Amino acid sequence: MRDAVLGLTAILCLTASTPAFAQDKADANALFVAVPNPITSEGFRFIRERVESARNDRDRPATKVVFDFNPDDKDAATTDFGACYSLAKFIAGLHGMDTIGFVHGKAAGHTVLPVLACKELAVSSASRLGPVAVEGVPPPGTVEKTAYAEILGDGRARLLAAVQKLYDPDVVLIKGVKNGSDWYVDRRAVAKARLEGVNGVRDETPPLPFGNPGQPGSYDPATLKAMGLCKLTAESRDQLAELYQIAPSTFRDPLQGRPPVAFHYVLKGEVDGGMRESLDRLIKDVKRKKGNILFLEVRCGGGDLAAARDLADDLRKHQTGDDAVLVVGFIPDRAPDSATFVALGCSEIVMSKRKDAAEANPNDEAREAEIGDFGAFLGKGGKAAPNADQFRKSLKELAELQGYPGILVDGMFDRDLEIVRAKSKTDRTRYRLMSAADLKADEANWEAAAQVKPKGQLLQLSATRAAELGVARRTVDNRDIKEVYAPYGVTPNSVREAEPGWLDRFADFLKRPEVTVLLVLVGFMGLMLELKAPGLTVPGITSALCFILVFWSQSRFSGETFVLAMLLFVLGLVLVALEIFVLPGFGAPGVVGILCMLAGLGLVTVERVPQTGGEWSDLGGRMGQYLLAMAGALAGAITIARYLPNIPGANRLVLGAPETGPGGAAEWHLPGADAAAGLLGAIGTTNTPLRPAGVVRFADAFVDVVSEGGYIPPGARVQVVEVEGTRIVVKEV
């Protein structure tokens, strides 16, 4: 069981390497393989699938592969000969690919076998190769000895005795010469070596100083170089990348050799602070479940570009550390504006060619998935959006941090920029993306090879074009996420769905238009009831809760317009209260207050202040919905106020009129306009506190009134001083 579990640790990270043309010499088609410790049969199968997938990639087939045998900077030692031999044979059989073994710690046991299978070996100053004979490794038999000789092959037969020393402590190494090359010989086999043409070896030849008589061999970097086993020395992955002209980003390894535990999540809707917080919580939950691969299906767009950049930075942070997650961004359709930020924040990008959708018109290239459409954001003139230059710089910085050429981002924002792919006149293998102006200024060294973006249009990258330029790591034929899994060593059945928490699901429910309108209706109804009869508390609490839920779900306490929306709503609430409590009547404060409240509710559902006719129209439509909700709330409040006292149980929520005599209840009178006008100048007694609304008894009738200002206690004498319709204003006398 332990071996089976450990076998799953064979995972490697094929991260987004610096795209073609992004650097002069960086090899964009390199593959990085984190070899697990220990190596198991399960692990070997994962490695084989990933390497074969990268090798056969139709967009950018890998031509160079680096096997890191100490991916977590710890010593590696495997006792399972079979798994190591299988991996070694696979590496040795990768014809047409440059295989590089990187050892920056100790590689012992049968891990030595696949190390030797690499065509080149790079080591650090702290590295050691061997011994094979470690605890848990039985003395090698004929099969094992034959395997080590087989992996060396005829081309490195001169090193056979040195390799035998790694597993046989009785080997005494001496050195001779054959065909002008150093040849290592076991002193016990001098006669045979001389018959095979090795000169300068005799029984009395002193052993080599690194032979460790009586102990299995263990070779340091200097010895490996002297033997010709090691070609280069690199202290870090960055140094190795520079030595082999590989983009450093190729060596990003969020998984660190851990077993593949994959999750899938669809990111949809407008990008805002709420989405950022929700996705951050979701990834943390994935980490708690030991997940390390997240297939993020990008189906979002629009919203707040600043929040999108913050979300992308969060994704980058989750790709580092001991619990890092490999985030694979899959674009099945379009990734405009904010979705471009999200995609560039992923570890790598996969795009769909959507052949399933293009069957009706195979020549329609626009049916491919696209990334980088900022046309709607910029407007027709390309300069309509405020802070456009700020967002361009932000996206360019993000792209360059992720290893993508920043000039492509410039092309997404600048219609006048012409981008070309240039070829070096001195080194025909070197290409670079540059502007037409820069090419003209450096015609002595560069010449145009192809046009990437013509002047007069914004750059948008289809799946095919994105793969050519290295923005997309690979493409798939359709929009099915299951097509993306195989290159990452996972199967559809093993990928779990990442579920947002209950808080996020609740917020999504509240953001539904019909639910929002219902909350606004109930909120206004509760507000009106509370203002009509202060002290009921339940309508006031309900109203406050409804409006809080509206603001929370729509903005999640973020977004550039949230503060403005909140201030407008609060201002409107204050003006309405001023109209009711301080300036009785229905004048400018009340009208402006209602408009401010509606504007606040409308703005909280958008991510920026409207700038185009369509955006203003959308805001007006939302305010119209809320105005209708307010009208419905008014009707509902009047109905409830009329019938609530007569509903059993519910009448406990209102202040009932006291009994006037034995067995007789006083009448709670709600006079019409004519009856109210007849009360002008009448004197009555307060039956409830006036704060400023309450109930006054006039003879045998109990009437809703409003004080002229301030608090009036119950039992006080008051006089009607003003009547407006059914609104009755009193003062204490």
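Atoms considered below: every heavy atom in the structure, side chains included; atoms not considered: hydrogens, waters and symmetry mates. All values reported here derive from a predicted model rather than from experimental measurement.
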So, [X] and [Y], do they make that salt bridge, N to O below 4.0 Å?
X: Lys89; Y: Glu150; answer: no
X: Asp480; Y: Lys482; answer: no
X: Arg432; Y: Asp438; answer: no

Compare every heavy atom of [Y] with every heavy atom of [X], then report the nearest pair and how far apart it is.
X: Ala76; Y: Phe69; result: CB-O, 3.4 Å
X: Val452; Y: Arg421; result: CG2-N, 3.9 Å
X: Ala399; Y: Val409; result: CB-CG2, 3.8 Å
X: Ser41; Y: Ala83; result: N-CB, 3.5 Å
X: Gly130; Y: Leu166; result: CA-CD2, 4.0 Å
X: Leu121; Y: Val123; result: CG-CG1, 4.0 Å

With rounding to the nearest 0.5 angstrom, report the [atom1] to [atom2] distance, [X] to [Y].
X: Ile293; Y: Tyr485; atom1: CD1; atom2: OH; answer: 10.5 Å
X: His104; Y: Asp68; atom1: NE2; atom2: CG; answer: 3.5 Å
X: Leu232; Y: Lys225; atom1: CG; atom2: NZ; answer: 7.0 Å
X: Leu240; Y: Glu235; atom1: CG; atom2: CD; answer: 11.0 Å
X: Leu116; Y: Leu152; atom1: CG; atom2: CG; answer: 6.0 Å
X: Ile174; Y: Asp186; atom1: CD1; atom2: CG; answer: 8.0 Å

For Val325, the option from Thr320, Leu296, Leu315, Leu294 that meets side chain to side chain contact (heavy atoms under 4.5 Å, CB included): Leu294
Establish, yes or no, whether a centroid distance under 6.0 Å links the rings of His110 and Phe81. yes
Aromatic ring proximity Phe330/Phe295, centre distance under 6.0 Å: no
With heavy-atom distances below 4.5 Å as the criterion, would you say the side chains of [X] and [Y] are in contact?
X: Asp80; Y: Phe44; result: no
X: Trp446; Y: Lys425; result: no
X: Glu483; Y: Asn478; result: yes
X: Val286; Y: Tyr265; result: no
X: Arg237; Y: Pro71; result: yes
X: Leu159; Y: Met227; result: yes
X: Val112; Y: Leu129; result: yes
X: Arg188; Y: Asp170; result: yes

Are the side chain of [X] and the backbone N or O of [Y] linked by a donor-acceptor pair below 3.5 Å?
X: Glu49; Y: Phe46; answer: no
X: Glu297; Y: Ile481; answer: no
X: Arg50; Y: Val33; answer: no
X: Lys178; Y: Asp182; answer: no
X: Tyr219; Y: Ala162; answer: yes
X: Asn292; Y: Val261; answer: yes
X: Asn70; Y: Gly105; answer: yes

Determine whether more than 12 heavy atoms belonging to other residues, nucleotides or ligands lie under 6.0 Å from atom [atom1] of [X].
X: Glu135; atom1: CD; value: no
X: Asp154; atom1: CG; value: no
X: Lys119; atom1: NZ; value: yes

Would you kindly say whether Ser218 and Lys106 are connected by a side-chain donor-acceptor distance under 3.5 Å? no
Examine the side chains of Gln164 and Tyr184 and answer whether a donor and an acceptor come within less than 3.5 Å of each other. no
Measure from NZ or CZ of Arg288 to the centre of the six-membered ring of Phe263 and say whether it is under 6.0 Å with the direction within 45° of the ring axis. no
Side chain to side chain contact (heavy atoms under 4.5 Å, CB included) between Gln319 and Val327, worked out: CA-CA 7 Å; Gln319 297 165 36; Val327 183; 4.1 Å; yes
Can you check side chain to side chain contact (heavy atoms under 4.5 Å, CB included) on Glu348 and Arg474, steps first, answer last? CA-CA 9 Å; Glu348 58 191 63; Arg474 62 173 53 82; 3.6 Å; yes
Please evaluate residues Thr205 and Val190 with respect to the criterion side chain to side chain contact (heavy atoms under 4.5 Å, CB included), reporting the C-alpha separation (whole Å), side-chain torsions for both, the decisive distance (0.1 Å), and the verdict. CA-CA 10 Å; Thr205 302; Val190 166; over 6 Å; no
Walk me through it: do Asn37 and Thr78 pass the test side chain to side chain contact (heavy atoms under 4.5 Å, CB included)? CA-CA 7 Å; Asn37 176 45; Thr78 304; 4.2 Å; yes
